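None of the values given here were measured: they were computed from a predicted structure. Only heavy atoms go into these numbers, but all of them, side chains included; no hydrogens, no water, no symmetry mates.
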Amino acid sequence: CKKISKTLVGMCFTGEVDRILVALARETRNDRYITTEDSDFGKGDTEKAKENEHVLRHLTDQLQLTVHDADEALSFL
């Protein structure tokens, strides 16, 4: 988990709470799911979100997490 945290920090994903959310999602056995409106996760239409799309790709492709914004999450309710 420290290796993952170090990788994320190297990607300027420095929020401690954000890294805790990633660690918790990875610990779930099946879904590995995060819901966020945080542009640090590469979600949203802001310039910051676009700058962090590489973080979103890492979370989804390398760590196999599902990251949804609120609208995407609501579609499952």
Side-chain angles (χ1 to χ4, degrees):
C1 203
K2 287 185 180 186
K3 180 179 176 183
I4 292 169
S5 183
K6 187 175 180 178
T7 298
L8 292 171
V9 168
M11 299 172 78
C12 296
F13 191 80
T14 57
E16 185 175 5
V17 171
D18 294 342
R19 292 193 320 274
I20 290 169
L21 289 174
V22 169
L24 289 172
R26 285 187 43 87
E27 290 298 318
T28 59
R29 296 287 185 245
N30 297 320
D31 294 331
R32 295 182 167 196
Y33 188 86
I34 296 174
T35 300
T36 184
E37 289 293 323
D38 193 339
S39 59
D40 290 347
F41 284 86
K43 297 301 281 188
D45 294 329
T46 66
E47 188 62 35
K48 185 176 179 183
K50 291 175 185 165
E51 291 171 4
N52 290 321
E53 285 179 348
H54 68 288
V55 172
L56 180 60
R57 283 193 306 277
H58 180 76
L59 294 174
T60 57
D61 297 345
Q62 300 299 317
L63 302 182
Q64 299 178 334
L65 298 176
T66 300
V67 183
H68 283 166
D69 62 25
D71 289 335
E72 293 168 326
L74 285 172
S75 71
F76 287 96
L77 297 178

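Contact between G44 and A49 at its shortest, heavy atoms only, is O-CB, 3.5 Å. Taking both residues in full, the closest heavy atoms of T46 and S39 are given as OG1-CB, 3.6 Å, listed atom of the first, atom of the second, then distance. In plain terms, the two heavy atoms of A25 and Y33 that are nearest each other are CB-O, 3.9 Å. The minimum heavy-atom distance linking L56 with G42 is given by the pair CD2-O, 3.6 Å.
Interatomic distance, T28 OG1 to I34 CD1, rounded to the nearest 0.5 Å: 9.0 Å. To the nearest 0.5 Å, the span separating OG1 on T66 from CZ on F76 amounts to 8.0 Å. Within the model, atoms OG1 of T7 and NZ of K2 stand 14.0 Å from one another, a figure rounded to the nearest 0.5 Å.
Heavy-atom contacts from other residues, nucleotides or ligands closer than 6.0 Å to CG of D45 number 12 or fewer.
Applying the side chain to side chain donor-acceptor pair (under 3.5 Å) test between K43 and each of E37, H68, E72, E53 identifies E72 as the sole match.
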Counting only pairs under 3.5 Å, give me each side-chain donor-acceptor contact of residues 10-22, with atom names and distances, residues two or more places apart or in other chains.
unit_1, atom_1, unit_2, atom_2, d
R19, NE, S5, OG, 2.9
R19, NH1, T14, O, 2.6

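Within the 4.5 Å cutoff, the side chain of R26 has heavy atoms near those of the R32 side chain. Looking only at side-chain heavy atoms (C-beta outward), I4 and L8 come within less than 4.5 Å of each other. Within the 4.5 Å cutoff, side-chain heavy atoms of V55 are placed close to those of L59. K48 has its side chain within reach of D40: a pair of non-hydrogen atoms, C-beta onward, lies under 4.5 Å apart.
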